[in-house]
Undergrad: 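Questions regarding the structure given below will be posed in turn.
A, B, ... follow the sequence lines: proteins, then strands. Residue 1 opens every chain.
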Amino acid sequence: MLKLFRYMRPYRTAVLLVLLFTFFQCLSDLYLPTLMADIVDKGITLGNVPYIWRVGGVMLLVASGGMVCAIAASYLASKAASGFGRIVRGRVFSHVENFTLQEFDKIGTASLITRTTNDITQVQQVTIMILRMMAIAPMMCIGGIVMAISRDPGLTTVLLAVLPILALAIFLIAKQGIPLFKAIQVKIDTLSRVVRENLTGIRVIRSFNRAAHETVRFNDANEDLTATSIKVNKIMGAMMPVMMLVMNFATIAIVWFGAHRINDAHMKVGDLMAFLQYAMMIMFSLIMLSVMFVMIPRAQASAVRINEVLHMQPDIHDPKEPGKPGLQKAAVEFQDVTFFYPGAEEPAVSNLSFRTGPGEVTAIIGGTGSGKSTLISLIPRFYDVTSGRILVNGTDIREMRQEELRQRIGFVPQKALLFTGSIADNIRYGKEDATDEEIRHAAKVAQAADFIEAMEGAYDAEISQGGSNVSGGQKQRLSIARALVRRPEIYIFDDSFSALDFKTDAKLRAALREETGDATVLIVAQRVSTVMDADRIIVLDEGRIAGMGTHEELMNTSEVYREIVISQLSEEEIA
Amino acid sequence: MSEKKRGGHPRGHGGGPFGGPHGPGMPAEKAKDFKGTFRRLTTYLKPHTGKLLIVLAAAMLSTIFGIVSPKILGDATTILFEGFLAKMKGEPGAGIDFAAIQRILLWLAGLYLLSSLFAYVQQYVMAGVAQRTVYDLRKAVYDKLGRLPLKYFDARTHGETLSRVTNDMDNIAGTLQQSLTQMITSAVTLLGVIVMMLTISPLLTLVVILTLPLSVIVTMMVAKQSQKHFVAQQKHLGQLNGHVEEMYTGHKVVKAFGRERQSVERFDEVNDKLYEAGWRAQFISGTIMPLMGFIGNIGYVIVSVVGGVLVTRQAIKIGDIQAFIQYSRQFTQPITQLANIANVIQSTIASAERVFEVLDEEEEVAESSAPAVLRHPRGDVSFEHVSFGYKEDQLLIENMNVNVRQGQTLAIVGPTGAGKTTLINLLMRFYEVNGGRITIDGKDIASMKRSDLRSLFGMVLQDTWLFNGTIRDNIGYGREGATEEEIIRAAEAAHADHFIRTLPDGYDTVLNEEASNISQGQKQLLTIARAILANPAILILDEATSSVDTRTELYIQKAMKELMKNRTSFVIAHRLSTIRDADLILVMNKGSIIEQGTHDELLSQGGFYADLYNSQFSDQPEAG
């Protein structure tokens, strides 16, 4: 967490001022009982009414001073903590935006989201608590002790005996309770998982009549969670009564011994009353500190996770002296490319060599895990090749700026991702300055125009988060339109027709053929019907090229290809 | 001394030991029907009435003992002070009456002990009551979910339902555990403190009570001011989280289209707004403590001064001043606390309302009292004049008549989103028909028990549902009490045995939560094995279009063929071979059945099916 606090630097002065104001606030809080003691000892005892009034006025002044300081401290602390949160959040986000897919794979998207949102909020919240409570507690504790000693050093021995007992009591109860809190978290997760499985599998459970079996699982989890919750609440329930008991007994001890010291003329009655209040302040500051010690480890865990993100350096960099893209247009060439995912023992793809040119359609087919998606992820440099090289327009892609490279590519991912915003916004994502005409054209080619125009608001219709208000096939078509509007030199379709029915698929491919013109097209597909008319089909099997050629050629030469075809078409179609 | 007694108690929140700071003015959700929901929630507490009475008694006793003690301590101080004064004045034989002080202190020790003891009893008993109540509530919701029709689940996200079983329940548990008793103690404290102060000095009490409206006004003003910033903060935080989620999940697209800069710009914009609202909310709600502290201090000063003057006039005793100061400090606290609790209770009732909403949902149509039973199901299925719509006023299927005889295959075809699962929903009575009837072997399915009906079917769906458990348990799910041998035989028939044995733990391999440790195709094989083990009379199959590698695909096809032998099958078909071999084809589009017949019949009709078929296959070059 300390490491993260370096982002607090712009608020250095604010933090120092917070400490200063808190200090004054403590002074005022500490001074009040002393003034009251004066009223008792000098005013009441001597019957001096004007003195009582005067000191009362001073008390009021001191109290208002304390309030002003407290409010000022709160103001600065709020600004500092929120500002700190803003800086860390901004840093993490812009840092993550530079990550390649490799870093995303390493940490996981869901975890990255939590780290950018909840973890930072958590740290920010604890920061404000530190600024407010952590600062007050030690000051009050030390100040209280100093004041107590100044009232009567002898009586302070009582505190010396009580404080360790209090600390020990807190420690013992917390030690029992905190591991149980962790256990509860696990049990809540288990319960949620059982319910989630029940929800997602409801058709299966009902059709197999296994509701009774599921109920047993749920009851077990419910019982388990309940039992632990009861236990932990019973333990933690002891916290307050025990602390109060210790503090109250301390009071009795102070009064008893104090009475003796007064009798021996070591101190005055007002001193005793003030002393009692100081004792309370000291013990409360101790309780406050114990609360902090529970909060900090949690924030610490968040801080570690945030730092992990900040320290992770993206593997892919732009070259220092970017090379100029070659004169060739719309050409992609793989030269003996091999790629390992980080930590993997086997390469995902190995020794790939092929070349595509302008106006050509290259299709890639193969089973799951054969490396199709990996192959095309290498072209926009989502990952860097382990060996060999990839040339775009004759230049090694590692020698180009990433932005320049990606500008040439229209990429349609396997999972059609849309963003919140209107349909037009989503298509315009491919080309920021696209005109309405261009957008309509792209939608038409992508076979999306019909359903868009049927929607309320047409191109201005809003897409909800995750695109939940359009079907899978519609999402794919929009994601295709987004790539088309770019009019790139290289089109990459990663299994982008899977959610389309045969009819739309066929129409779309026909329209695409006209649209792509001189560009080079790479298509990953599952369906033989999608790839049959490509200029070149690459058959991948376990990361290697198992065959390359046209449909007719491959039917004669490639066993793997024939197997794929047979599994999809019935005999007479092939014949 | 029990000042601040209940102030510092951290409230368990969301299962954690100490919740985040709860500022005043944090907007609480409002319940629609507060009274009704509250009353209903109390019915769940009824079985625990006895224990609740104990809690109530313990809370009151603990508070009363706590409240009486400053007054008694004050008596000790008075004795001390008077003895001291007498001694100073040099009265003969004067001195501090230690015997009296000792007596008082012993009394006090007893009171403190009792107060703490009762406070613990209250917590201890309440732990059981709160958690048991939530246990019952959770169970009630779960049981209810089991009786709800599929319509309910299809209409909302799993997350929504899930959060009612977890988050809302947590909220209720926390409130029952902490806030309920806090409310009692706060109220008792407030009353008790006023009574105690009145017994000491009505004049001083009046002075302190005069500060009461001040604290109420301040609390309200601060809450009102901070609320709008809290609302803004919540809104911006939501936007920010939404943006992060979207950009991270779409990272590949952001990269591919080089839009990192715009994404960061948008983030910064929301982040700035969040900062502005955030620090304001934080600051304004943070002023409540100093302000209330100051008001408390005003009371403190007034009591010190006025009390001091009164003592010099012998109108009041010094120890009473000391006690009074403590009381006046306790006085403002229950007020702030009650305001907070009111907020917490609001949001709890809103949670309870959401839970009750589930409990009030319409259940599946009741089972018939004398259910029809099929002893030896053949698998003749017919739809007679069936009409159905997901919405009452929008019928998708009207007067549908279909006959499938034992062992026949019926293929359902149509573009994505055409509503092909509708028929399955009706067959298995996940949804009820609006008109007409469906019979199996001549018996109306509405007259059968749902469990009996569903045991006639075996399902292999595209979204393969497997649970977090071993492969053996997952296959064994098909039939309760299946032997090891039967499970292996089913796996063999499904061509799954081989791949299972190649896994490190074989049949004992535990599938993880997303079952991501086996491939999509392997998952399908497991669900086929599960269906084979169940040995149903009628099959429901959903042919996969999703990514399955070619070899597994071949196995799946073989396994499905094996499974379909001699069984009536309903197939949501994507494969041409299946479609053409089917005894009957239903063509669906936009939710309705638009054509039915055999392959040849439909082709010659030249309708939607013919169109679909031709667009796919006619322009294919004859390969060879």
Undergrad: Is it the side chain or the backbone of Y124(B) that comes within 4.5 Å of chain A heavy atoms, both, or neither?
TA: both
Undergrad: Step by step, work out the side chain to side chain contact (heavy atoms under 4.5 Å, CB included) result for R89(A) and F267(B).
TA: CA-CA 9 Å; R89(A) 216 176 269 125; F267(B) 180 89; 3.7 Å; yes
Undergrad: If you count heavy-atom pairs under 4.5 Å with chain B, which of Q124(A), K79(A), M59(A) comes out on top?
TA: K79(A)
Undergrad: Is I492(A) in contact with chain B via its backbone, its side chain, both, or neither, using a 4.5 Å heavy-atom distance?
TA: neither
Undergrad: Say you draw a straight line from OG of S64(A) to CD1 of I298(B); how long is it, rounded to the nearest 0.5 Å?
TA: 8.5 Å
Undergrad: Using the side chain to side chain contact (heavy atoms under 4.5 Å, CB included) rule, take Y135(B) and E223(A) through it: C-alpha gap first, then chi angles, then the decisive distance, then the call.
TA: CA-CA 7 Å; Y135(B) 173 88; E223(A) 186 61 55; 3.2 Å; yes
Undergrad: Among F457(B), F81(B), Y142(B), F294(B), who wins on heavy-atom pairs under 4.5 Å with chain A?
TA: Y142(B)
Undergrad: Heavy-atom distances under 4.5 Å only: say whether Q102(B) touches chain A with side chain, backbone, both or neither.
TA: both
Undergrad: So, taking the atom named CG in N241(B) and the one named OG1 in T116(A), what distance separates them when rounded to the nearest 0.5 Å?
TA: 9.0 Å
Undergrad: Under a 4.5 Å cutoff for heavy-atom pairs, which residue among W256(A), F218(A), F411(A) has the most contacts with chain B?
TA: F218(A)
Undergrad: Answer with side chain, backbone, both or neither: which region of H213(A) has an atom nearer than 4.5 Å to a non-hydrogen atom of chain B?
TA: side chain
Undergrad: So, taking the atom named CG in N248(A) and the one named CG in L113(B), what distance separates them when rounded to the nearest 0.5 Å?
TA: 10.5 Å
Undergrad: Return the option, out of F118(B), F283(B), Y248(B), with the maximum number of heavy-atom pairs under 4.5 Å with chain A.
TA: Y248(B)
Undergrad: Please classify the contact of E260(B) with chain A as side chain, backbone, both or neither, using a heavy-atom distance under 4.5 Å.
TA: both
Undergrad: Can you tell me how far CD1 of I113(A) sits from CD of E246(B), rounded to the nearest 0.5 angstrom?
TA: 10.5 Å
Undergrad: Heavy-atom distance under 4.5 Å to chain A: side chain of F98(B), backbone, both or neither?
TA: both
Undergrad: Quick one, L108(B) and V255(A) - any side-chain contact, counting heavy atoms below 4.5 Å?
TA: no
Undergrad: Side chain, backbone, both or neither: which part of R486(A) has a non-hydrogen atom closer than 4.5 Å to chain B?
TA: side chain
Undergrad: How far does CD of Q125(A) sit from CD of Q282(B), to the nearest 0.5 angstrom?
TA: 7.5 Å
Undergrad: Relative to chain B, which segment of F382(A) carries a heavy atom at a distance below 4.5 Å: side chain, backbone, both, or neither?
TA: side chain
Undergrad: Could you walk me through whether R138(B) and L191(A) pass the side chain to side chain contact (heavy atoms under 4.5 Å, CB included) test, one step at a time?
TA: CA-CA 10 Å; R138(B) 222 185 262 130; L191(A) 187 87; 3.5 Å; yes
Undergrad: Using 0.5 Å steps for rounding, measure from the OG1 atom of T226(A) to the CD atom of Q131(B).
TA: 6.5 Å
Undergrad: Name the member of V264(B), N271(B), L237(B) that forms the most heavy-atom pairs with chain A at distances under 4.5 Å.
TA: N271(B)
Undergrad: Mark yes or no for whether Y120(B), through its side chain, and K234(A), through its backbone, hold a donor-acceptor pair below 3.5 Å.
TA: yes
Undergrad: Report the option among P413(A), P380(A), A238(A) that has the most heavy-atom pairs separated by less than 4.5 Å from atoms of chain B.
TA: A238(A)
Undergrad: I'd like to know which of N198(A), V232(A), V242(A) tops the heavy-atom pair count under 4.5 Å against chain B.
TA: N198(A)
Undergrad: What part of F153(B) gets closer than 4.5 Å to chain A, counting heavy atoms only: side chain, backbone, both or neither?
TA: side chain
Undergrad: So for Q25(A), is it side chain, backbone, both, or neither that comes closer than 4.5 Å to the heavy atoms of chain B?
TA: neither
Undergrad: With a 4.5 angstrom heavy-atom cut-off, which part of L240(B) approaches chain A: side chain, backbone, both or neither?
TA: side chain
Undergrad: Show the nearest heavy-atom pair for residues P290(B) and I71(A), with the distance to one decimal.
TA: CB-CG1, 3.9 Å
Undergrad: Working note: N219(A) + K139(B), criterion side chain to side chain contact (heavy atoms under 4.5 Å, CB included); need CA distance, chi angles, decisive distance, verdict.
TA: CA-CA 7 Å; N219(A) 285 345; K139(B) 193 166 157 44; 3.4 Å; yes
Undergrad: Among residues at least two apart in sequence or on other chains, which ones pass salt bridge (charged side-chain N to carboxylate O under 4.0 Å, His left out) with D272(B)?
TA: R86(A)
Undergrad: Is there a donor-acceptor contact under 3.5 Å linking the side chains of Y112(B) and T251(A)?
TA: no
Undergrad: For Q122(A), is it the side chain, the backbone, both or neither that has a heavy atom under 4.5 Å from a heavy atom of chain B?
TA: neither
Undergrad: Any idea which of F249(A), F99(A), Y75(A) has the most non-hydrogen atom pairs under 4.5 angstrom with chain B?
TA: Y75(A)
Undergrad: Does some side-chain heavy atom of S263(B) sit less than 4.5 Å from a side-chain heavy atom of F93(A)?
TA: yes
Undergrad: Side-chain contact, heavy-atom cut-off 4.5 Å: V309(B) with W53(A)?
TA: yes
Undergrad: If you compare all heavy atoms of G56(A) against all heavy atoms of V301(B), which two are closest, and at what distance to 0.1 Å?
TA: O-CG1, 3.2 Å
Undergrad: Under 4.5 Å heavy-atom distance to chain A, tell me which part of I424(B) shows up: side chain, backbone, both or neither.
TA: neither
Undergrad: Answer with side chain, backbone, both or neither: which region of L32(A) has an atom nearer than 4.5 Å to a non-hydrogen atom of chain B?
TA: both
Undergrad: What are the two closest heavy atoms between P241(A) and S116(B), and how far apart are they?
TA: O-OG, 2.9 Å
Undergrad: Search all heavy atoms of V165(B) against all heavy atoms of V195(A) and return the closest pair with its distance.
TA: CG1-CG2, 4.1 Å
Undergrad: Quick one: are R132(B) and I230(A) in side-chain contact, heavy atoms under 4.5 Å?
TA: yes
Undergrad: Determine the option with the most heavy-atom pairs under 4.5 angstrom with chain B, choosing from A63(A), S94(A), S377(A), A259(A).
TA: A259(A)
